[in-house]
Amino acid sequence: MSNEDMNKKMEFIVEQQAKFATDIEIMREVQATDSRRFSDALIGTLAIVGNLTKAQMRTEEKVELLADSQTRTDESIKQLTEAQKSTDQRLNIFINVVERYISGNGGSELRT
């Protein structure tokens, strides 16, 4: 191998090394940019997750309040149902008394 061939090969190797070093530097810059983007995206995602967590906690509190309210409403409806039964019984007794009174007297008092 002649000096000229050796010089060409060494020049080629030096050029390849320079190209490789340039490519590595470009990759480092891209990696740094990607790393910043990833960090920004991660921070944004964490903020969103934090907001969702707070919203979920508020929703759970509201659901619990609604469930308590529903329980109270159910109890009130039970009480109203019992009161309605009592009212129905008393009304039926009153109707029976009035019907007996009217039928016992033939309704003469009402025709005047």
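Worth knowing before you read on, the calculation uses all heavy atoms, side chains too, and leaves out hydrogens, waters and symmetry mates. For the single chain, residues carry numbers from 1 onward in sequence order.
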To the nearest 0.5 Å, what is the distance between [atom1] ([X]) and [atom2] ([Y])?
X	Y	atom1	atom2	result
D40	R36	CG	CZ	9.0 Å
E11	M6	CD	CE	13.5 Å
D88	T81	CG	OG1	10.5 Å
L42	L46	CG	CG	4.5 Å
M27	F20	CE	CZ	8.5 Å
Q17	I24	CD	CD1	9.5 Å

Item to complete: Apply the test side-chain contact (heavy atoms from CB on, under 4.5 Å) to residues D5 and S2: give CA-CA distance (whole Å), side-chain angles for both, the deciding distance (0.1 Å), then the verdict.
Response: CA-CA 5 Å; D5 287 339; S2 69; 3.4 Å; yes

Worksheet item: Would you say the side-chain atoms of Q70 and D74 include a donor-acceptor pair closer than 3.5 Å?
Response: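 There is such a pair (donor and acceptor under 3.5 Å, judged by atom type) between the side chains of Q70 and D74.
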
Item to complete: May I ask you to check whether over 12 heavy atoms, not counting those of N96, lie within 6.0 Å of atom CG?
Response: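 Enclosed: over 12 neighbouring heavy atoms sit under 6.0 Å from CG of N96.
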
Worksheet entry | All pairs passing salt bridge (charged side-chain N to carboxylate O under 4.0 Å, His left out) where residues 44-72 contributes a residue, at least two apart |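 Those involving residues 44-72 do not exist here.
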
Worksheet item: Is any NZ, NE, NH1 or NH2 atom of the basic residue among K8 and E4 found under 4.0 Å from an Asp or Glu carboxylate oxygen of the other?
Response: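 Yes, K8 and E4 are salt-bridged.
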
Item to complete: Find out whether R28 and Q31 are in side-chain contact, i.e. whether some heavy atom of one side chain is under 4.5 Å from a heavy atom of the other.
Response: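 A side-chain contact under 4.5 Å is absent here.
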
Discussion item. Quick check: do R100 and V97 have side-chain heavy atoms less than 4.5 Å from each other?
Written reply: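 Answer yes - side chains close enough.
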
Item to complete: Report yes or no: does T71 contribute a side-chain atom to a donor-acceptor pair with the main-chain N or O of A67 at less than 3.5 Å?
Response: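 The answer is yes, because a donor-acceptor pair under 3.5 Å joins these two groups.
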
Worksheet item: So which of L91, V98, I93 actually passes side chain to side chain contact (heavy atoms under 4.5 Å, CB included) with I95?
Response: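 Exactly one candidate clears the test, L91.
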
